[in-house]
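No experiment lies behind these values; they were computed from the predicted model shown. Numbers here are sequence positions counted from 1.
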Amino acid sequence: MSEINEDTHRARRRAVRSAGPPVEETGSGESAASMSAVAKGFSARASALGAAAGPEDTATAGAASTSAASTVPDAEPAEGSRVDLGTSSAETAKDADEPGDSGQAGETKAGGGRTRVLAAAACALLAVAAVIGAGWSVMAMKSVDDRDARRTEYSQTARQAILNLTTIRADTAKEDIDRILSVASGQFKTEFDGRVDPFLNIVKEAKVVSNGEIVEAAVESDDESSAKILVAAKQTLTNAGQAEPQTRFYRFRVTVTRNGSGLSASNVEFVG
């Protein structure tokens, strides 16, 4: 019996030495599992020895086995391997899907760059439109000014031609006729030039004194090379056969032509 007890004590000491010191609370789950396996092995060996020693020794071995098993602490997860249960996998996936602050900053910067480019392009278009509008306005004003200046020249030439034609005196008849021919051209000059001598004789014999006055003149039509001008004139006429001066009113259509020497009256027509 003493030999069996001795063998039991030796087996118990061997089991304690194999189990090693108690597992610390900070140990990993794997160490706790190994300690449990050692305890189970110890219980198995004690049971075998108890079967050989008898009921009393078996109870003693069982108690030792229970004592050894109770020395194994509950396994706790390692500090580094703890799982945070406060955050679900869905929330983690959502956080992963959301763009970071750096992405939002990049998009904001890119959007600001596009806005600046669009603003610069709009300013450039407005500047070009303003330049074109200003250029068009200047050209339009210049065109109007040129047209007005041209019409003024046509009108002045027509007025001078009719004033010369309606103003003549017997004592200055030759100079008056030359003045009429100085602004004449084309058909008008040809017709009047062929009647200079008969006209000069009539003026001198009748002692004609005629004073002309331009009442109104207007441009009927014009272009770069010619114009038709309507002229209203009044003539005060005296001669040797009339004691009182006579007043006559005429309306003429004068064609003014631009040629190499300037403007001249190329045709004169009476308008009723």
Side-chain angles (χ1 to χ4, degrees), residues 133-272:
W136 183 86
S137 298
V138 170
M139 292 179 62
M141 291 179 63
K142 186 177 183 302
S143 177
V144 171
D145 292 342
D146 292 345
R147 184 196 63 186
D148 291 344
R150 184 180 69 235
R151 287 183 172 183
T152 299
E153 290 179 345
Y154 286 147
S155 181
Q156 288 177 347
T157 301
R159 291 167 71 100
Q160 188 61 51
I162 298 303
L163 184 61
N164 293 343
L165 186 61
T166 56
T167 301
I168 191 168
R169 294 178 178 84
D171 53 351
T172 58
K174 183 65 171 72
E175 292 79 1
D176 294 337
I177 291 173
D178 291 340
R179 190 168 59 251
I180 293 171
L181 293 175
S182 67
V183 294
S185 66
Q187 182 180 353
F188 175 56
K189 184 176 182 179
T190 301
E191 291 179 355
F192 194 86
D193 197 16
R195 301 174 183 174
V196 170
D197 292 338
F199 182 74
L200 183 58
N201 292 331
I202 293 172
V203 169
K204 288 182 177 180
E205 290 177 0
K207 297 181 182 181
V208 174
V209 177
S210 173
N211 294 313
E213 179 183 350
I214 303 302
V215 176
E216 190 61 66
V219 178
E220 184 177 30
S221 63
D222 73 299
D223 55 32
E224 294 292 337
S225 59
S226 64
K228 292 185 181 298
I229 311 298
L230 297 175
V231 181
K234 181 176 74 171
Q235 184 185 46
T236 302
L237 177 65
T238 62
N239 56 45
Q242 295 176 345
E244 297 295 330
Q246 298 179 357
T247 302
R248 299 176 181 178
F249 293 92
Y250 304 100
R251 288 188 297 173
F252 301 94
R253 177 181 288 112
V254 183
T255 301
V256 179
T257 304
R258 188 186 301 277
N259 49 41
S261 58
L263 299 177
S264 60
S266 60
N267 192 27
V268 177
E269 305 172 81
F270 285 100
V271 179

Could you please spell out the steps behind the side chain to side chain contact (heavy atoms under 4.5 Å, CB included) verdict for Ile162 and Tyr250?
-> CA-CA 10 Å; Ile162 298 303; Tyr250 304 100; over 6 Å; no

Short question: side chain of [X], backbone of [Y] - any donor-acceptor pair under 3.5 Å?
X	Y	value
Ser182	Arg179	yes
Arg253	Lys228	no
Thr255	Ser266	no

Atom pair [atom1] ([X]) and [atom2] ([Y]), whose distance is rounded to the nearest 0.5 Å:
X	Y	atom1	atom2	value
Ile229	Asp222	CD1	CG	7.0 Å
Ser155	Arg150	OG	CZ	13.0 Å
Glu269	Leu230	CD	CG	10.0 Å
Leu263	Ser226	CG	OG	10.5 Å
Leu165	Gln160	CG	CD	11.5 Å

Check residues 202-213 and write down every donor-acceptor pair under 3.5 Å in which the side-chain atom is one partner and the other belongs to a residue at least two apart or another chain.
from: Ser210; atom 1: OG; to: Thr166; atom 2: O; distance (Å): 2.7
from: Ser210; atom 1: OG; to: Gln235; atom 2: NE2; distance (Å): 2.5
from: Asn211; atom 1: OD1; to: Arg169; atom 2: NH2; distance (Å): 2.7

Pair Asp178-Lys174, salt bridge (charged side-chain N to carboxylate O under 4.0 Å, His left out): steps then yes or no | CA-CA 6 Å; Asp178 291 340; Lys174 183 65 171 72; 3.2 Å; yes

Who pairs with Glu191 by side chain to side chain donor-acceptor pair (under 3.5 Å), at least two apart in sequence or on another chain?
->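 For Glu191, the residues satisfying side chain to side chain donor-acceptor pair (under 3.5 Å) (neighbours in sequence not counted) are Gln187.
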
Under the side chain to side chain contact (heavy atoms under 4.5 Å, CB included) rule, what do Ile168 and Ile177 come out as? Steps first, then yes or no, please.
-> CA-CA 8 Å; Ile168 191 168; Ile177 291 173; 4.2 Å; yes

Closest approach of [X] to [Y] (non-hydrogen atoms, all atoms of both residues):
X	Y	result
Leu163	Thr167	O-OG1, 2.9 Å
Ala265	Thr157	N-CG2, 4.4 Å
Ala233	Ile214	CB-CD1, 4.3 Å
Ala227	Tyr154	CB-CD1, 3.2 Å

SB check Arg258 Glu224 (cutoff 4.0 Å) |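 A salt bridge is absent here (no side-chain N lies under 4.0 Å from a carboxylate O).
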
Does the side chain of Val196 come within less than 4.5 Å of Asp193's, by heavy atoms?
->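 The answer is yes, as the side chains (C-beta and beyond) meet within the 4.5 Å cut-off.
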
